Every structure is written in structure tokens, then in C-alpha cells.
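As C-alpha cells, the structure follows; a few thoughts come after it.
All values derive from a computational prediction rather than experimental measurement. Below, chain A is the first sequence line, B the second, and so on; all start at residue 1.
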2 protein chains.
Amino acid sequence: MKKLVLYGVVMGLLFLSLEILNFKTLVRQVSMEVYGALVGVIFLVFGLWLGVTMVQKRQSTPLNVKPPETNLSEREYDVLQLMADGKSNKEIAEQLFVSLNTIKTHTSNIFSKLDVQRRTQAVQKARKLEIL
Amino acid sequence: MKKLVLYGVVMGLLFLSLEILNFKTLVRQVSMEVYGALVGVIFLVFGLWLGVTMVQKRQSTPLNVKPPETNLSEREYDVLQLMADGKSNKEIAEQLFVSLNTIKTHTSNIFSKLDVQRRTQAVQKARKLEIL
DNA sequence: AATAAAATCACCCGAAAGTATGAATGAAAG
DNA sequence: CTTTCATTCATACTTTCGGGTGATTTTATT
């Protein structure tokens, strides 16, 4: 909801800045074609970003095929797998397209649910519990 | 070598202090039996400590039964096993009766030899290489 | 005895991991 | 339409890891 409003505002700002650029300097220095191209590119990029952002949400990289019979959520299971693969939190974050803090939260929850303190213990226990 | 000298020096100091205690005050305040007992206890403790220390050295907690066919040393293999068990460096150090820094050195060497950067990667690779 | 390898320990420093707390959002279920 | 849960993210803080370097001491080998 609020995200859409934010998008609207950004759009507005884009238009505004374009207007300013247009009537002040640009139009007297470059041709109308260049100006149009610029506008096109900018809005193309913005549209791309918007589209990717919205689609990427809630599609949530489906890493696992078989959901485990544990109290771990899907996402936590994803993280656990990458963790067992020797990936660092940063690498996991990059691979799943989320922030480092998010991964930290996930790992914390994983540790709680598996009742361990460290990632090495987590993978060890997960292996023993047959969920890997 | 030097450790033995140190032991000798400690022994000497013990004798010296005992002599001082002996002829100055103790002998006129407590009975000869008590004095003898005291000396006995002190030397017993010292002997115990010395024995334990020397035996404990180079007997090197025999954790592994089958030496792996890798370039890892015995000690490194010990550390690797505990590492795979989810132990922290501190815990490993305590279990092997060595300092934390020593374990750090071992882990560094393990990482080098296994060509990895993290402990999770180390256990993963070790598992793949059949050395765990 | 000399040399080499293994094991021990120390110090520093930056990066990574982990803990705690709070919060916003979307999805699902009641 | 709330309530619940999963997911996302942030900030702040503490602890642990890992890299680099250098050193001493054992143990083994020649």
C-alpha cells in the first residue's frame, strides 16, 4: 500500500526534475530528439526497476523441493541449506536477494528452533535430524 | 630441556622456603609431626603436578583412531573433528587442554590445507573428501 | 648433532557471526 | 475484517573467527 504511494511520489519527482531540466537549459543545447530519448531511458529504467521489484516480491526463490517435516519455515530451510553448503551470511543474502540483516534474523530463528548456538552445530544437528 | 631446569629451580625454592620456615618459627610452635606432614603434602602436590604435566604432554589426547590419508597432521585432524562437531574454538581449546591461540593456528592451517575460508566449508569439504 | 616438521602460544586487527529489540508488510486463516 | 504467521529490514552491541606475523619448544629424521 504505502509502497505504491512511494512509487507515485517518485514518479512525480521524476516528472518535476524533467520539467526543470527541459525548460531551463537542455532544450536550448540539445535537440528535441535527445531530450525525448533521455526521458525514455529514465522512465524505462524506472519501469524496469518497479516491475522487477514487484514481481520479485513474494515469489521467494524456491530452493527446496521437498519441504522438511520440521518447525522450520521454507525460508529458514533455504537459509539452512546454503549454510550447510559453507556459505557466509553475506553470500546467502546475495543469493536470496535479501539483506544481510534478514539472513541474520533467519539464522537466529533457525538456531532457536534447532536449539543450537552456532551454524556448525545447526548443520550437524540438521544432518542428524535427517532434514538435509 | 629448559622445563626441567625450571622444575629444578622450583624444587630449590621449595626447599629453601621450607628451611626458613623450619628454623625460624614453625619448629617452636608446632610439633615435628605437623612439620613433616606439611612438607609431605607440599612435595606430594608438587610431584603430582609435575607428573601430570609431563605425562599429559605429548600424549596428546588420542581422539582419532584411523589417521586420514591427507596432508593434515594428527592434531589438525583432532581439531577438525571437534570443529565438525559444532564446537567453538574456545571449546576445542578447553577439550584439548591447549590455548585458544593454538587452536586458531590449527584451524588456519586446516583451512589452508583444505583450501577453504570458513569452518563450515572445512567440514563440508572434509566430508566430501571422506576424511570425517 | 643438525635439520625439518609439528605443536604450542602470543598479539593485533578487521571481518563475520550472533544477540536483542523493534517494527513494517503481505499472505493466509479464522 | 481482524488475528496470526512468515518475511523482511534496521540499529546497536558483543563475541567469535580468521588472517598475518613471529616466536619457542618438541618430536622425528637423517
Side-chain angles (χ1 to χ4, degrees), chain A residues 1-7 53-64 67-68 70-80 82-83 86-94 96-123, chain B residues 1-7 53-63 67 70-80 82-83 86-94 96-123:
Chain A
M1 289 297 188
K2 281 185 178 176
K3 193 153 285 182
L4 283 182
V5 175
L6 202 153
Y7 293 155
T53 301
M54 303 208 70
V55 170
Q56 191 182 73
K57 289 288 175 187
R58 288 303 146 209
Q59 194 165 336
S60 155
T61 344
L63 266 183
N64 51 70
T70 59
N71 45 354
L72 290 179
S73 74
E74 278 191 42
R75 207 52 164 168
E76 287 162 356
Y77 188 60
D78 290 343
V79 173
L80 178 60
L82 294 173
M83 201 186 292
K87 302 279 174 62
S88 70
N89 283 340
K90 191 181 168 191
E91 289 170 338
I92 297 174
E94 285 165 358
L96 296 183
F97 301 106
V98 295
S99 87
L100 176 60
N101 286 314
T102 302
I103 298 303
K104 282 186 171 187
T105 303
H106 285 322
T107 55
S108 276
N109 293 333
I110 292 173
F111 296 159
S112 293
K113 292 185 179 178
L114 291 184
D115 192 34
V116 296
Q117 279 76 39
R118 286 177 284 284
R119 53 183 43 224
T120 41
Q121 289 180 345
V123 306
Chain B
M1 290 295 187
K2 279 186 177 175
K3 194 155 284 183
L4 282 182
V5 175
L6 201 155
Y7 292 155
T53 301
M54 302 208 70
V55 169
Q56 191 182 73
K57 289 287 174 185
R58 286 306 144 210
Q59 194 167 335
S60 152
T61 343
L63 268 183
T70 58
N71 45 353
L72 290 179
S73 74
E74 278 191 42
R75 206 52 164 169
E76 287 163 355
Y77 187 59
D78 290 342
V79 173
L80 178 60
L82 295 172
M83 200 187 292
K87 303 278 173 62
S88 70
N89 284 341
K90 191 181 169 191
E91 289 170 337
I92 297 174
E94 285 166 358
L96 296 185
F97 302 106
V98 294
S99 88
L100 177 59
N101 286 314
T102 301
I103 299 302
K104 282 186 170 188
T105 303
H106 285 321
T107 55
S108 275
N109 293 333
I110 293 172
F111 296 160
S112 294
K113 291 184 178 179
L114 291 183
D115 192 32
V116 296
Q117 280 77 41
R118 287 177 283 282
R119 50 182 47 224
T120 40
Q121 289 180 345
V123 306

>> Tell me the interatomic distance from B:L72, atom CG, to C:dA7, atom P, rounded to whole angstroms.
In response: 10 Å
> Taking B:E76 for the side chain and B:L72 for the main chain, is one N or O donor matched with an acceptor at less than 3.5 Å?
Replying inline: no
> Rounded to the Å, how far apart are A:F97 CZ and D:dC9 P?
Replying inline: 12 Å
> Between B:N89 and D:dC17, is there a side-chain N or O to OP1/OP2 distance below 4.0 Å?
Replying inline: yes
> Just by distance, with hydrogens left out, do A:T102 and A:S99 show a side-chain donor and acceptor under 3.5 Å apart?
Replying inline: yes
> Between CG of A:L80 and CE of A:M83, what distance do you get to the nearest 0.5 Å?
Replying inline: 6.0 Å
> For the side chain of B:R118 and the backbone of A:G86, is there at least one donor-acceptor N/O pair under 3.5 Å apart?
Replying inline: yes
> Could you give the NZ-to-P distance, from B:K104 to C:dG14, as a whole number of Å?
Replying inline: 14 Å
> Side chain of B:R119: nearest nucleotide among D:dT7, C:dC9, D:dG18?
Replying inline: D:dG18
>> Taking 4.0 Å as the cut-off, does a side-chain nitrogen or oxygen of B:T102 come that near to OP1 or OP2 on C:dA7?
In response: no
>> Side chain of A:S99, heavy atoms from C-beta onward: which of D:dA10, D:dT8, D:dG18 has the nearest atom to it?
In response: D:dA10
> Any salt bridge between B:K87 and B:E94, counting N to O under 4.0 Å?
Replying inline: no
> To the nearest angstrom, how far is B:D78 atom CG from C:dA6 atom P?
Replying inline: 14 Å
> For the base of C:dC9, is there a side-chain donor-acceptor partner from B:T105 under 3.5 Å away?
Replying inline: yes
> Looking at DNA chain C, which of residues 108-118 of chain A put a heavy atom within less than 4.0 Å of it?
Replying inline: A:S108, A:F111, A:Q117, A:R118
> What's the CG-C1' distance between A:N101 and C:dA17, to the nearest Å?
Replying inline: 12 Å
> Nearest-Å distance, NZ (A:K90) to C1' (C:dG18)?
Replying inline: 18 Å
> Where is the tightest heavy-atom contact between B:I92 and B:V79, given as atom of each residue plus distance?
Replying inline: CD1-O, 4.1 Å
>> Within the structure provided, determine whether B:D78 and B:R75 are in side-chain contact (heavy-atom separation under 4.5 Å).
In response: yes
> Should B:H106 be listed as having a side-chain N or O under 4.0 Å from OP1 or OP2 of C:dA7?
Replying inline: no
> Could you give the CG-to-P distance, from B:L100 to C:dT8, as a whole number of Å?
Replying inline: 13 Å
> Atom CD1 of A:I92 to atom P of D:dC9: distance rounded to whole Å?
Replying inline: 14 Å
